[in-house]
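Working notes for the structure below.
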Protein chains: 2
Amino acid sequence: MPNKTNEMIRYVAFRLFVEVGYEATNIRNICKEVDIKPASLYFYYKSKEDLFFSIYDEVWEDKIKVLSNIAELEHNISPNMKLYFLYKRSMDYYSENIIKMKFLLRYHLFPPEDLANIIRDKYREWSGKEDKIIEDIIKQCMERRVLPDDRDLSDYVLEYKTFEREQLIEMIINNIKKNEREFDRSWLRFWNCNMSNSV
Amino acid sequence: MPNKTNEMIRYVAFRLFVEVGYEATNIRNICKEVDIKPASLYFYYKSKEDLFFSIYDEVWEDKIKVLSNIAELEHNISPNMKLYFLYKRSMDYYSENIIKMKFLLRYHLFPPEDLANIIRDKYREWSGKEDKIIEDIIKQCMERRVLPDDRDLSDYVLEYKTFEREQLIEMIINNIKKNEREFDRSWLRFWNCNMSNSV
DNA sequence: GTCTATAAGAGGATAGAC
DNA sequence: GTCTATCCTCTTATAGAC
(Lines give C-alpha, C1' and ligand atoms only; values in the text may rest on other atoms or scores of the structure.)
Protein backbone atom coordinates (compact mmCIF):
# COMPACT_ATOMS: atom_id res chain seq x y z
CA MET A 1 0.00 0.00 0.00
CA PRO A 2 2.13 2.85 -1.31
CA ASN A 3 1.92 6.21 0.37
CA LYS A 4 1.03 9.30 -1.65
CA THR A 5 3.82 11.40 -0.17
CA ASN A 6 6.35 8.68 -0.78
CA GLU A 7 5.33 8.42 -4.43
CA MET A 8 5.74 12.16 -4.86
CA ILE A 9 9.19 12.08 -3.26
CA ARG A 10 10.33 9.29 -5.58
CA TYR A 11 8.87 10.99 -8.63
CA VAL A 12 10.49 14.34 -7.94
CA ALA A 13 13.80 12.88 -6.80
CA PHE A 14 14.04 10.68 -9.88
CA ARG A 15 13.49 13.62 -12.19
CA LEU A 16 16.11 15.71 -10.41
CA PHE A 17 18.61 12.86 -10.26
CA VAL A 18 18.34 12.53 -14.04
CA GLU A 19 18.26 16.18 -14.98
CA VAL A 20 20.65 17.89 -12.59
CA GLY A 21 22.46 14.92 -11.08
CA TYR A 22 22.92 13.42 -7.64
CA GLU A 23 25.30 16.01 -6.21
CA ALA A 24 23.30 18.99 -7.42
CA THR A 25 20.01 17.52 -6.24
CA ASN A 26 19.38 18.48 -2.66
CA ILE A 27 16.85 17.40 -0.11
CA ARG A 28 15.46 20.92 0.21
CA ASN A 29 14.66 21.16 -3.49
CA ILE A 30 12.96 17.79 -3.52
CA CYS A 31 10.89 18.68 -0.48
CA LYS A 32 9.96 22.08 -1.83
CA GLU A 33 8.42 20.47 -4.92
CA VAL A 34 6.71 17.76 -2.90
CA ASP A 35 5.55 20.45 -0.45
CA ILE A 36 6.84 18.83 2.71
CA LYS A 37 9.58 19.80 5.15
CA PRO A 38 13.00 18.12 4.87
CA ALA A 39 12.52 16.32 8.18
CA SER A 40 9.52 14.50 6.73
CA LEU A 41 11.58 12.95 3.96
CA TYR A 42 13.72 11.26 6.56
CA PHE A 43 10.66 9.40 7.76
CA TYR A 44 10.68 7.50 4.42
CA TYR A 45 14.40 7.31 3.69
CA LYS A 46 17.26 7.20 6.10
CA SER A 47 19.53 9.21 3.80
CA LYS A 48 19.90 10.78 0.37
CA GLU A 49 21.92 7.74 -0.65
CA ASP A 50 19.15 5.42 0.52
CA LEU A 51 16.64 7.32 -1.58
CA PHE A 52 18.91 7.15 -4.61
CA PHE A 53 19.46 3.40 -4.52
CA SER A 54 15.82 2.72 -3.86
CA ILE A 55 15.11 4.46 -7.18
CA TYR A 56 18.12 2.95 -8.93
CA ASP A 57 17.01 -0.59 -8.11
CA GLU A 58 13.44 0.13 -9.12
CA VAL A 59 14.53 1.34 -12.57
CA TRP A 60 16.60 -1.78 -13.17
CA GLU A 61 13.88 -4.07 -11.82
CA ASP A 62 11.37 -2.59 -14.22
CA LYS A 63 13.75 -2.94 -17.15
CA ILE A 64 14.60 -6.58 -16.42
CA LYS A 65 10.95 -7.43 -15.92
CA VAL A 66 10.05 -6.00 -19.33
CA LEU A 67 12.94 -7.76 -21.08
CA SER A 68 12.01 -11.07 -19.47
CA ASN A 69 8.44 -10.71 -20.60
CA ILE A 70 9.52 -10.00 -24.17
CA ALA A 71 11.82 -13.01 -24.22
CA GLU A 72 9.16 -15.35 -22.86
CA LEU A 73 6.44 -14.14 -25.17
CA GLU A 74 7.53 -15.59 -28.51
CA HIS A 75 7.69 -19.36 -28.83
CA ASN A 76 6.89 -20.68 -32.27
CA ILE A 77 9.21 -18.46 -34.24
CA SER A 78 12.76 -18.86 -35.44
CA PRO A 79 15.48 -17.72 -33.03
CA ASN A 80 16.68 -14.93 -35.30
CA MET A 81 13.15 -13.51 -35.27
CA LYS A 82 13.19 -13.86 -31.49
CA LEU A 83 16.30 -11.70 -31.35
CA TYR A 84 14.72 -9.26 -33.75
CA PHE A 85 11.63 -8.97 -31.58
CA LEU A 86 13.73 -8.59 -28.47
CA TYR A 87 15.48 -5.69 -30.19
CA LYS A 88 12.34 -4.06 -31.56
CA ARG A 89 10.39 -4.28 -28.32
CA SER A 90 13.37 -3.19 -26.27
CA MET A 91 13.55 -0.12 -28.47
CA ASP A 92 9.85 0.51 -27.91
CA TYR A 93 10.37 0.29 -24.19
CA TYR A 94 13.45 2.49 -24.28
CA SER A 95 11.65 5.04 -26.45
CA GLU A 96 8.81 5.29 -24.01
CA ASN A 97 11.15 5.34 -21.03
CA ILE A 98 14.01 7.43 -22.35
CA ILE A 99 14.33 9.24 -19.05
CA LYS A 100 14.89 5.97 -17.19
CA MET A 101 17.53 4.98 -19.69
CA LYS A 102 19.17 8.38 -19.34
CA PHE A 103 19.21 7.82 -15.59
CA LEU A 104 21.03 4.51 -15.97
CA LEU A 105 23.47 5.88 -18.54
CA ARG A 106 24.29 8.86 -16.38
CA TYR A 107 25.12 6.88 -13.26
CA HIS A 108 26.97 4.10 -15.04
CA LEU A 109 29.13 6.48 -17.04
CA PHE A 110 29.66 9.15 -14.40
CA PRO A 111 28.78 7.90 -10.92
CA PRO A 112 29.13 10.22 -7.92
CA GLU A 113 32.43 9.44 -6.23
CA ASP A 114 30.97 8.22 -2.94
CA LEU A 115 28.45 5.92 -4.65
CA ALA A 116 30.76 4.60 -7.38
CA ASN A 117 31.62 1.27 -5.73
CA ILE A 118 28.05 0.42 -4.82
CA ILE A 119 26.80 1.38 -8.28
CA ARG A 120 29.46 -0.77 -9.90
CA ASP A 121 28.45 -3.81 -7.86
CA LYS A 122 24.76 -3.32 -8.45
CA TYR A 123 25.37 -2.77 -12.15
CA ARG A 124 27.23 -6.07 -12.44
CA GLU A 125 24.40 -7.94 -10.79
CA TRP A 126 21.62 -6.38 -12.85
CA SER A 127 23.38 -6.46 -16.18
CA GLY A 128 24.24 -10.09 -15.54
CA LYS A 129 20.51 -10.81 -15.60
CA GLU A 130 20.18 -8.85 -18.82
CA ASP A 131 23.02 -10.85 -20.38
CA LYS A 132 21.30 -14.14 -19.56
CA ILE A 133 18.22 -13.13 -21.52
CA ILE A 134 20.27 -12.17 -24.57
CA GLU A 135 22.56 -15.19 -24.30
CA ASP A 136 19.61 -17.53 -24.22
CA ILE A 137 18.29 -16.34 -27.56
CA ILE A 138 21.66 -16.11 -29.29
CA LYS A 139 22.49 -19.62 -28.10
CA GLN A 140 19.39 -20.82 -29.95
CA CYS A 141 20.51 -18.93 -33.05
CA MET A 142 23.85 -20.72 -32.97
CA GLU A 143 22.32 -24.14 -32.30
CA ARG A 144 20.04 -23.85 -35.29
CA ARG A 145 22.87 -22.44 -37.41
CA VAL A 146 21.09 -19.16 -37.96
CA LEU A 147 24.34 -17.63 -36.77
CA PRO A 148 27.73 -19.09 -37.79
CA ASP A 149 29.30 -20.97 -34.89
CA ASP A 150 32.83 -19.89 -35.76
CA ARG A 151 32.49 -17.13 -33.19
CA ASP A 152 31.98 -17.33 -29.44
CA LEU A 153 28.62 -16.88 -27.80
CA SER A 154 30.04 -14.12 -25.61
CA ASP A 155 31.32 -12.44 -28.76
CA TYR A 156 27.84 -12.31 -30.26
CA VAL A 157 26.34 -11.10 -26.97
CA LEU A 158 28.86 -8.29 -26.83
CA GLU A 159 28.13 -7.42 -30.45
CA TYR A 160 24.40 -7.26 -29.75
CA LYS A 161 24.81 -5.24 -26.57
CA THR A 162 27.13 -2.78 -28.32
CA PHE A 163 24.62 -2.37 -31.14
CA GLU A 164 21.73 -1.90 -28.74
CA ARG A 165 23.72 0.63 -26.72
CA GLU A 166 24.53 2.62 -29.85
CA GLN A 167 20.84 2.85 -30.68
CA LEU A 168 20.01 3.84 -27.14
CA ILE A 169 22.70 6.50 -26.87
CA GLU A 170 21.58 7.97 -30.18
CA MET A 171 18.05 8.23 -28.78
CA ILE A 172 19.25 9.80 -25.56
CA ILE A 173 21.58 12.28 -27.26
CA ASN A 174 19.08 13.33 -29.92
CA ASN A 175 16.24 13.00 -27.44
CA ILE A 176 13.89 11.68 -30.10
CA LYS A 177 12.22 8.38 -30.75
CA LYS A 178 13.36 6.89 -34.04
CA ASN A 179 10.55 5.57 -36.20
CA GLU A 180 9.96 1.90 -36.96
CA ARG A 181 11.59 2.12 -40.36
CA GLU A 182 14.83 3.55 -39.02
CA PHE A 183 14.99 0.88 -36.35
CA ASP A 184 14.53 -1.76 -39.03
CA ARG A 185 17.23 -0.27 -41.24
CA SER A 186 19.63 -0.27 -38.32
CA TRP A 187 18.71 -3.84 -37.56
CA LEU A 188 19.36 -4.99 -41.11
CA ARG A 189 22.75 -3.32 -41.17
CA PHE A 190 23.59 -4.86 -37.85
CA TRP A 191 22.43 -8.33 -38.75
CA ASN A 192 24.08 -8.38 -42.15
CA CYS A 193 27.30 -6.52 -41.38
CA ASN A 194 28.06 -7.48 -37.77
CA MET A 195 26.41 -10.79 -37.08
CA SER A 196 25.92 -12.95 -40.18
CA ASN A 197 29.16 -11.98 -41.90
CA SER A 198 32.41 -12.64 -40.16
CA VAL A 199 34.33 -9.85 -41.87
CA MET B 1 55.44 32.23 -20.28
CA PRO B 2 53.25 29.87 -18.34
CA ASN B 3 53.49 29.83 -14.59
CA LYS B 4 54.34 26.57 -12.81
CA THR B 5 51.60 26.93 -10.19
CA ASN B 6 49.02 27.73 -12.81
CA GLU B 7 49.94 24.63 -14.81
CA MET B 8 49.56 22.50 -11.71
CA ILE B 9 46.17 24.01 -10.94
CA ARG B 10 44.95 23.31 -14.46
CA TYR B 11 46.34 19.79 -14.47
CA VAL B 12 44.78 18.82 -11.15
CA ALA B 13 41.48 20.58 -11.81
CA PHE B 14 41.14 18.93 -15.21
CA ARG B 15 41.66 15.48 -13.74
CA LEU B 16 39.11 16.09 -10.99
CA PHE B 17 36.59 17.64 -13.38
CA VAL B 18 36.77 14.46 -15.49
CA GLU B 19 36.88 11.88 -12.74
CA VAL B 20 34.57 13.20 -10.04
CA GLY B 21 32.76 15.98 -11.88
CA TYR B 22 32.37 19.73 -11.52
CA GLU B 23 30.05 19.77 -8.52
CA ALA B 24 32.06 17.25 -6.54
CA THR B 25 35.35 18.96 -7.33
CA ASN B 26 36.07 21.64 -4.78
CA ILE B 27 38.63 24.37 -4.57
CA ARG B 28 40.05 22.97 -1.35
CA ASN B 29 40.77 19.56 -2.92
CA ILE B 30 42.43 21.11 -5.93
CA CYS B 31 44.60 23.33 -3.75
CA LYS B 32 45.54 20.50 -1.43
CA GLU B 33 46.96 18.51 -4.35
CA VAL B 34 48.70 21.56 -5.81
CA ASP B 35 49.96 22.39 -2.33
CA ILE B 36 48.76 25.97 -2.23
CA LYS B 37 46.12 27.74 -0.15
CA PRO B 38 42.66 28.35 -1.66
CA ALA B 39 43.22 32.10 -1.70
CA SER B 40 46.16 31.63 -4.07
CA LEU B 41 43.99 29.95 -6.70
CA TYR B 42 41.91 33.11 -6.89
CA PHE B 43 44.97 34.99 -8.04
CA TYR B 44 44.82 32.95 -11.29
CA TYR B 45 41.09 32.48 -11.71
CA LYS B 46 38.28 34.68 -10.56
CA SER B 47 35.98 31.72 -9.84
CA LYS B 48 35.55 27.98 -10.10
CA GLU B 49 33.46 28.55 -13.20
CA ASP B 50 36.23 30.66 -14.74
CA LEU B 51 38.72 27.85 -14.14
CA PHE B 52 36.35 25.32 -15.68
CA PHE B 53 35.77 27.20 -18.91
CA SER B 54 39.42 28.04 -19.28
CA ILE B 55 40.06 24.29 -19.37
CA TYR B 56 36.98 23.53 -21.47
CA ASP B 57 38.05 25.93 -24.20
CA GLU B 58 41.61 24.63 -24.16
CA VAL B 59 40.45 21.05 -24.71
CA TRP B 60 38.32 22.06 -27.69
CA GLU B 61 41.02 24.30 -29.12
CA ASP B 62 43.50 21.45 -29.05
CA LYS B 63 41.03 19.07 -30.68
CA ILE B 64 40.16 21.48 -33.50
CA LYS B 65 43.81 22.27 -34.10
CA VAL B 66 44.63 18.58 -34.52
CA LEU B 67 41.67 17.95 -36.83
CA SER B 68 42.60 20.94 -38.98
CA ASN B 69 46.15 19.69 -39.30
CA ILE B 70 44.96 16.25 -40.40
CA ALA B 71 42.63 17.71 -42.99
CA GLU B 72 45.28 20.00 -44.44
CA LEU B 73 47.94 17.34 -44.58
CA GLU B 74 46.74 15.17 -47.46
CA HIS B 75 46.51 16.71 -50.89
CA ASN B 76 47.19 14.32 -53.73
CA ILE B 77 44.85 11.55 -52.66
CA SER B 78 41.26 10.72 -53.50
CA PRO B 79 38.64 12.34 -51.25
CA ASN B 80 37.42 9.04 -49.85
CA MET B 81 40.97 8.32 -48.70
CA LYS B 82 41.02 11.79 -47.19
CA LEU B 83 37.96 10.92 -45.15
CA TYR B 84 39.50 7.60 -44.21
CA PHE B 85 42.66 9.33 -43.01
CA LEU B 86 40.65 11.88 -41.09
CA TYR B 87 38.90 9.02 -39.34
CA LYS B 88 42.02 6.99 -38.67
CA ARG B 89 44.06 9.88 -37.36
CA SER B 90 41.16 11.21 -35.32
CA MET B 91 40.97 7.80 -33.68
CA ASP B 92 44.69 7.92 -32.97
CA TYR B 93 44.27 11.31 -31.35
CA TYR B 94 41.21 10.21 -29.36
CA SER B 95 42.99 7.06 -28.23
CA GLU B 96 45.92 9.01 -26.91
CA ASN B 97 43.66 11.65 -25.37
CA ILE B 98 40.80 9.54 -24.08
CA ILE B 99 40.61 11.56 -20.89
CA LYS B 100 40.05 14.78 -22.85
CA MET B 101 37.32 13.11 -24.86
CA LYS B 102 35.75 11.80 -21.68
CA PHE B 103 35.80 15.36 -20.36
CA LEU B 104 33.92 16.66 -23.40
CA LEU B 105 31.44 13.78 -23.38
CA ARG B 106 30.72 14.27 -19.69
CA TYR B 107 29.93 17.96 -19.92
CA HIS B 108 28.00 17.76 -23.16
CA LEU B 109 25.81 14.89 -21.98
CA PHE B 110 25.40 15.95 -18.35
CA PRO B 111 26.36 19.59 -17.81
CA PRO B 112 26.11 21.11 -14.34
CA GLU B 113 22.84 23.01 -14.10
CA ASP B 114 24.35 26.46 -13.65
CA LEU B 115 26.80 26.03 -16.54
CA ALA B 116 24.41 24.31 -18.96
CA ASN B 117 23.55 27.37 -21.05
CA ILE B 118 27.13 28.51 -21.46
CA ILE B 119 28.31 25.00 -22.31
CA ARG B 120 25.56 24.65 -24.91
CA ASP B 121 26.58 27.90 -26.62
CA LYS B 122 30.26 27.07 -26.57
CA TYR B 123 29.56 23.58 -27.84
CA ARG B 124 27.65 24.94 -30.82
CA GLU B 125 30.50 27.23 -31.74
CA TRP B 126 33.24 24.64 -31.43
CA SER B 127 31.38 21.77 -33.07
CA GLY B 128 30.50 24.12 -35.92
CA LYS B 129 34.21 24.34 -36.66
CA GLU B 130 34.48 20.58 -36.52
CA ASP B 131 31.57 20.22 -38.95
CA LYS B 132 33.27 22.49 -41.48
CA ILE B 133 36.32 20.24 -41.63
CA ILE B 134 34.18 17.13 -42.20
CA GLU B 135 31.86 18.88 -44.64
CA ASP B 136 34.77 20.02 -46.75
CA ILE B 137 36.02 16.50 -47.35
CA ILE B 138 32.59 14.94 -47.89
CA LYS B 139 31.75 17.68 -50.37
CA GLN B 140 34.78 16.61 -52.40
CA CYS B 141 33.60 12.99 -52.22
CA MET B 142 30.24 13.99 -53.65
CA GLU B 143 31.71 16.20 -56.35
CA ARG B 144 33.91 13.41 -57.60
CA ARG B 145 31.03 10.91 -57.30
CA VAL B 146 32.85 8.80 -54.74
CA LEU B 147 29.66 9.17 -52.75
CA PRO B 148 26.22 9.07 -54.41
CA ASP B 149 24.71 12.53 -54.65
CA ASP B 150 21.17 11.32 -54.01
CA ARG B 151 21.64 12.22 -50.36
CA ASP B 152 22.24 15.59 -48.73
CA LEU B 153 25.66 16.75 -47.64
CA SER B 154 24.34 17.35 -44.12
CA ASP B 155 22.99 13.82 -44.14
CA TYR B 156 26.44 12.39 -44.83
CA VAL B 157 28.06 14.65 -42.26
CA LEU B 158 25.59 13.46 -39.62
CA GLU B 159 26.23 9.86 -40.64
CA TYR B 160 29.98 10.32 -40.28
CA LYS B 161 29.70 12.11 -36.95
CA THR B 162 27.37 9.46 -35.58
CA PHE B 163 29.80 6.76 -36.65
CA GLU B 164 32.77 8.57 -35.16
CA ARG B 165 30.90 9.16 -31.90
CA GLU B 166 30.01 5.48 -31.65
CA GLN B 167 33.67 4.57 -31.95
CA LEU B 168 34.62 7.19 -29.40
CA ILE B 169 31.98 6.18 -26.86
CA GLU B 170 33.03 2.57 -27.20
CA MET B 171 36.60 3.59 -26.39
CA ILE B 172 35.53 5.67 -23.43
CA ILE B 173 33.18 3.04 -22.01
CA ASN B 174 35.60 0.15 -22.43
CA ASN B 175 38.51 2.43 -21.60
CA ILE B 176 40.73 0.69 -24.12
CA LYS B 177 42.33 1.67 -27.38
CA LYS B 178 41.09 -0.46 -30.23
CA ASN B 179 43.81 -1.77 -32.50
CA GLU B 180 44.32 -0.68 -36.11
CA ARG B 181 42.60 -3.74 -37.51
CA GLU B 182 39.41 -3.19 -35.52
CA PHE B 183 39.30 0.43 -36.58
CA ASP B 184 39.65 -0.63 -40.20
CA ARG B 185 36.92 -3.25 -39.88
CA SER B 186 34.60 -0.64 -38.41
CA TRP B 187 35.48 1.74 -41.20
CA LEU B 188 34.71 -0.80 -43.91
CA ARG B 189 31.34 -1.62 -42.37
CA PHE B 190 30.58 2.06 -42.11
CA TRP B 191 31.67 2.94 -45.62
CA ASN B 192 29.89 -0.01 -47.26
CA CYS B 193 26.74 -0.17 -45.14
CA ASN B 194 26.08 3.47 -44.23
CA MET B 195 27.71 5.64 -46.85
CA SER B 196 28.05 3.97 -50.25
CA ASN B 197 24.77 2.05 -50.13
CA SER B 198 21.58 3.97 -49.80
CA VAL B 199 19.61 1.18 -48.13
C1' DG C 1 3.37 11.34 9.53
C1' DT C 2 4.57 15.97 9.65
C1' DC C 3 6.30 19.77 11.84
C1' DT C 4 9.93 23.52 14.11
C1' DA C 5 14.40 24.28 15.28
C1' DT C 6 18.95 23.52 14.92
C1' DA C 7 23.30 21.01 14.98
C1' DA C 8 27.52 20.24 12.40
C1' DG C 9 30.05 20.77 8.68
C1' DA C 10 31.48 21.75 3.83
C1' DG C 11 31.74 24.94 0.13
C1' DG C 12 32.96 29.32 -2.65
C1' DA C 13 34.94 33.47 -2.15
C1' DT C 14 37.30 37.84 -0.14
C1' DA C 15 40.21 41.20 2.85
C1' DG C 16 44.39 42.45 3.77
C1' DA C 17 49.23 41.27 5.51
C1' DC C 18 53.73 39.88 3.76
C1' DG D 1 52.28 35.46 -5.70
C1' DT D 2 51.18 33.40 -1.54
C1' DC D 3 49.60 33.49 2.88
C1' DT D 4 46.17 33.71 7.38
C1' DA D 5 41.81 34.48 8.82
C1' DT D 6 37.24 34.72 8.07
C1' DC D 7 32.51 35.53 6.01
C1' DC D 8 28.48 33.74 4.41
C1' DT D 9 25.77 30.46 2.40
C1' DC D 10 24.20 25.99 1.52
C1' DT D 11 23.75 21.09 2.81
C1' DT D 12 22.66 16.73 5.16
C1' DA D 13 20.74 15.08 8.99
C1' DT D 14 18.68 14.78 13.84
C1' DA D 15 15.95 15.90 18.27
C1' DG D 16 11.81 16.23 19.92
C1' DA D 17 6.96 18.42 19.89
C1' DC D 18 2.30 17.65 17.95
Side-chain angles (χ1 to χ4, degrees), chain A residues 1-57 103 106-107 110-119, chain B residues 1-57 103 106-107 110-119:
Chain A
M1 48 204 81
N3 180 295
K4 208 74 187 162
T5 304
N6 188 21
E7 279 175 34
M8 281 288 285
I9 292 171
R10 298 176 71 78
Y11 175 80
V12 172
F14 170 69
R15 231 200 48 243
L16 291 173
F17 284 153
V18 179
E19 298 305 341
V20 309
Y22 181 80
E23 290 101 334
T25 299
N26 64 62
I27 305 291
R28 275 182 175 77
N29 286 347
I30 298 172
C31 293
K32 207 176 201 171
E33 277 200 56
V34 178
D35 199 34
I36 54 171
K37 299 296 160 187
S40 301
L41 188 145
Y42 287 91
F43 171 78
Y44 298 96
Y45 302 95
K46 74 173 206 289
S47 66
K48 186 181 172 184
E49 189 180 315
D50 182 35
L51 172 59
F52 176 83
F53 282 117
S54 169
I55 291 171
Y56 177 89
D57 283 330
F103 174 89
R106 172 166 209 147
Y107 292 102
F110 306 112
E113 207 187 5
D114 36 327
L115 309 185
N117 289 335
I118 307 175
I119 290 178
Chain B
M1 47 204 79
N3 179 295
K4 206 76 187 159
T5 303
N6 188 21
E7 279 176 35
M8 279 288 286
I9 292 171
R10 298 175 71 78
Y11 174 79
V12 171
F14 171 68
R15 231 199 50 241
L16 290 174
F17 285 154
V18 179
E19 298 303 340
V20 310
Y22 181 81
E23 291 101 332
T25 298
N26 64 62
I27 306 291
R28 281 179 173 80
N29 286 346
I30 298 172
C31 293
K32 207 175 201 174
E33 275 200 55
V34 179
D35 199 32
I36 55 171
K37 299 295 160 189
S40 301
L41 188 145
Y42 287 91
F43 172 79
Y44 298 96
Y45 302 96
K46 73 171 206 292
S47 65
K48 186 182 172 184
E49 188 180 316
D50 182 35
L51 172 58
F52 175 84
F53 282 116
S54 170
I55 290 171
Y56 178 89
D57 282 330
F103 175 89
R106 173 167 208 144
Y107 292 101
F110 306 112
E113 206 186 5
D114 36 326
L115 309 184
N117 289 337
I118 308 175
I119 289 178

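Proteins get letters first, then strands, A, B, ... in listed order; numbering begins at 1 in each. This one's a predicted model, so the numbers in the text were calculated from it and none came from an experiment. Just the heavy atoms: all of them, side chains too, but no hydrogens, waters or symmetry mates, feed the values below.
- The CD1 atom of A:Ile36 sits 4.0 Å away from the CD1 atom of A:Ile9 when rounded to the nearest 0.5 Å.
- Whole-Å rounding puts the B:Glu113 CD to D:dT11 P distance at 11 Å.
- Atom CD in A:Glu113 sits 9.5 Å away from atom CD in B:Glu19 (nearest 0.5 Å).
- Counting only heavy atoms from C-beta on, A:Ser47 has its side chain closest to D:dA13 among C:dC3, D:dT2, D:dA13.
- Just one of A:Tyr56, A:Tyr22, A:Tyr107 meets the side chain to side chain contact (heavy atoms under 4.5 Å, CB included) condition when paired with A:Leu115; it is A:Tyr22.
- For B:Tyr44 and D:dT2, the shortest distance from a side-chain N or O to OP1 or OP2 is below 4.0 Å.
- Atom pair B:Lys46:NZ and C:dG12:C1' shows a separation of 14 Å (rounding to whole Å applied).
- Atom CD1 in A:Ile9 sits about 14 Å away from atom P in D:dA13, given to the nearest Å.
- Here the side chain of B:Asn26 is nearest to one of D:dT11, C:dG11, D:dT4, namely C:dG11.
- Distance from the side chain of B:Ser40 is smallest for D:dT2 among the nucleotides D:dT2, C:dT2, D:dT6.
- If you check every strand for non-hydrogen atoms under 4.0 Å, A:Lys48 touches sugar and phosphate atoms only.
- Rounded to whole angstrom, the span from the CE atom of A:Met8 across to the P atom of C:dT2 amounts to 12 Å.
- The side chain of A:Ala39 has C:dA5 as its nearest neighbour among C:dA5, D:dT4, C:dA13.
- One interatomic measurement links the two molecules: CD1 of A:Ile27 to C1' of C:dA7, which rounds to 17 Å at whole-angstrom precision.
- As a whole-Å value, the separation of B:Glu49 CD from C:dG11 P is 19 Å.
- With rounding to the nearest 0.5 Å, the separation of NZ in B:Lys48 from CD in B:Glu23 is 7.0 Å.
- Between B:Thr5 and D:dG1 there is no side-chain polar atom (N or O) within less than 4.0 angstrom of OP1 or OP2.
- Counting only heavy atoms from C-beta outward, the side chains of B:Phe52 and B:Tyr45 never approach each other to under 4.5 Å.
- Whole-Å rounding puts the B:Phe43 CZ to C:dA17 C1' distance at 16 Å.
- Nucleotide C:dG12 holds its C1' atom 17 Å from the CD atom of A:Glu23, rounded to whole Å.
- Between B:Tyr42 and the phosphate of C:dA13, there is a side-chain N or O to OP1/OP2 separation shorter than 4.0 Å.
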